[in-house]
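The figures that follow rest on heavy atoms only: side chains count, while hydrogens, waters and symmetry mates do not. All chains are named by letter (A, B, ...) in the order of the sequence lines, taking the proteins before the strands, and each is independently numbered beginning at 1.
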2 protein chains.
Amino acid sequence: MVKNKASAESFVPAPKTAAGKKMALKKTASKNTFKTRYHHGDLRAALLEAAEAELAGKGIEAFSLRGVAKRAGVSHAAPAHHFGDVNGLFTALAATGYRRFIAVQRTRQKRAAQKGGKDGAAQLAAVGLGYVDFAMANPALFRLMFSSKRPDFCDGELEETARAAFEKLLEDVGRYRNANPCDDEAVMASAMATWAMVHGLADLLEGGRIKYLQNLPRKKREQMLSDMILRAAGPG
Amino acid sequence: MVKNKASAESFVPAPKTAAGKKMALKKTASKNTFKTRYHHGDLRAALLEAAEAELAGKGIEAFSLRGVAKRAGVSHAAPAHHFGDVNGLFTALAATGYRRFIAVQRTRQKRAAQKGGKDGAAQLAAVGLGYVDFAMANPALFRLMFSSKRPDFCDGELEETARAAFEKLLEDVGRYRNANPCDDEAVMASAMATWAMVHGLADLLEGGRIKYLQNLPRKKREQMLSDMILRAAGPG
DNA sequence: AAGCAAACTTGACAGTGACAAGATTCTGAT
DNA sequence: ATCAGAATCTTGTCACTGTCAAGTTTGCTT
């Protein structure tokens with residue numbers, strides 16, 4: 001019983017993976033009548049999309065496999081066939097989440113680089129604010145990626161995407177500090193501090209716990225968050 | 001078939017709430033024979049204790065009202081009578097969590113004050129490490145208190161204890177910075193930054209996301225965490 | 001002593017994840 | 001071309017869940 005692990009990536013700019021190509025192939029090869037395709041076409045991708053809607057709509061705790069199946073218009077046991085169990089689906093969801101996260105961060109960073117020139121501080125702050133914004137925009141997915149114990153981080157796909165996000169963090173802080181975190185313990189500590197700071201801000205803000213910051217006007221809040229992030233980053 | 005499981009709030013120094021007093025009153029008024037008390041004695045307290053065990057054992061997601069009832073040796077619908085629904089129980093649990101949290105923090109702080117003299121930095125770092133340790137020791141409860149949306153923070157008891165914890169944070173940072181956060185915006189920002197930093201560290205460490213820090217030897221890790229916390233606290 | 005309110009139990013219902021077994025459709029070797 | 005075999009999806013079932021309604025027990029008040 002070999003599961004094919006094609007995957008959707010409807011959020012990522014361009015599908016580059018082998019799986020992505022394979023899917024595109026399949027799609028074009030099938031008849032474009034939308035009615036009654038053979039089995040379903042690429043149910044896996046449809047389920048992932050439905051699952052993301054379910055996650056966004058009902059949150060991580062009220063999330064239901066059967067709800068996902070209903071959204072995708074298939075039988076209640078169909079998801080299990082593709083993802084094993086609910087944690088398997090969460091694992092796949094988290095992986096797509098990391099891909100989206102990285103993509104969003106990249107665009108943020110580029111935009112900041114264009115505006116602020118080569119000001120490393122502005123870039124790092126922009127990336128940090130991006131982390132917070134991502135959490136606010138995708139609360140359940142954010143928790144799945146950065147807090148929950150349900151996704152299986154031993155899974156190859158998830159492990160890879162999560163590591164890519166982490167390495168991007170090291171890059172960003174390394175650029176700001178003009179040093180490679182892997183070579184300099186102090187810089188590595190700065191990277192950890194930066195992550196902890198943005199993550200703490202994101203989690204507390206999204207959870208509605210830190211009302212003082214919530215109630216600040218947008219501009220003021222962004223200014224204050226940026227200050228905190230840069231204070232964490234460095235160079236102590 | 002009535003099991004008595006009296007004993008409430010074993011973690012909190014002294015029960016001060018109206019509910020606490022009422023409970024204590026009931027207790028002394030009843031016969032001290034442990035056999036078959038009228039209805040159960042103080043089921044509410046027993047349920048809270050059972051719920052805490054359930055939470056610690058099964059986590060916030062696999063938490064089950066019926067499991068709590070089973071632990072307490074009562075019928076499956078008994079908890080609902082005292083707490084309404086599962087969120088009501090979570091609300092009560094979070095409130096006891098905050099009480100314990102504050103108590104632990106106080107002892108940590110006192111111990112640091114005794115050892116390190118009047119070194120404010122050592123005290124603040126100790127409190128911060130206490131936050132992290134609390135999260136590691138009570139992961140599900142920690143998430144209930146600081147991340148989850150299920151407890152009802154409009155509830156009087158929870159609102160009160162949560163606010164007390166927050167005000168303690170302001171006190172601690174205020175003492176370190178020799179200023180009242182409410183009077184000085186920069187100091188308030190420092191308090192927020194400190195909270196975000198310790199919370200981020202706690203959440204990432206507990207979630208197993210920040211392996212670099214996890215793998216550090218204990219002494220080294222504590223040193224590094226302390227540095228991060230103090231860096232966040234200012235005085236930038 | 002009687003009645004009333006609170007505490008707890010019992011029973012039922014719709015919803016859940018997981019599993020097994022069946023039905024359908026695709027694939028590839030001949 | 002055909003036909004086994006495999007992959008995909010459906011149907012049915014099970015134990016479990018939270019919540020509600022109704023019933024029973026118990027303590028309290030007058």
Nearest 0.5 Å, please: how far is NE2 in His199(B) from NE2 in His199(A)?
6.0 Å
Check this for me, if you would: do Lys149(B) and Glu206(A) make a salt bridge, where the nitrogen-to-carboxylate-oxygen distance has to be below 4.0 angstrom?
yes
Note: Arg99(B)-Glu157(B) ion pair, threshold 4.0 Å (strictly below):
yes
Would the distance check show the side chain of Arg209(B) and the main-chain N or O of Gly207(B) forming a donor-acceptor pair, the cut-off being under 3.5 Å?
yes
Looking at Gln109(A) and Val127(A), would you say the former's side chain and the latter's main chain have a donor-acceptor pair under 3.5 Å?
no
May I have the distance from [X] (atom [atom1]) to [N] (atom [atom2]), rounded to whole angstrom?
X: Glu61(A); N: dG17(C); atom1: CD; atom2: P; value: 14 Å
X: Leu89(B); N: dT19(D); atom1: CG; atom2: P; value: 10 Å
X: Leu47(A); N: dT10(D); atom1: CG; atom2: C1'; value: 14 Å
X: Leu43(A); N: dA7(D); atom1: CG; atom2: P; value: 17 Å
X: His81(A); N: dG22(C); atom1: NE2; atom2: P; value: 16 Å

Would you call the rings of Phe101(A) and Tyr131(A) parallel, tilted or perpendicular, where under 30° means parallel and over 60° means perpendicular?
perpendicular
Give the ring-plane orientation class for Phe146(B) versus Tyr98(B), where under 30° counts as parallel, over 60° as perpendicular and anything between as tilted.
perpendicular
Distance alone, cut at 3.5 Å: any donor-acceptor contact between the side chains of Asp203(A) and Ser147(B)?
yes
May I ask you to say what Ala77(A) touches in the nucleic acid, namely base, sugar-phosphate or nothing, with a heavy-atom cut-off under 4.0 Å?
base
Where does DNA chain C form stems of at least three consecutive Watson-Crick or G-U wobble pairs, each pair having both distances below 3.5 Å?
C:1-30 with D:1-30
Under a 4.0 Å heavy-atom criterion, the protein footprint on nucleotides 13-18 of chain D, written with B, S and -, is B---SB
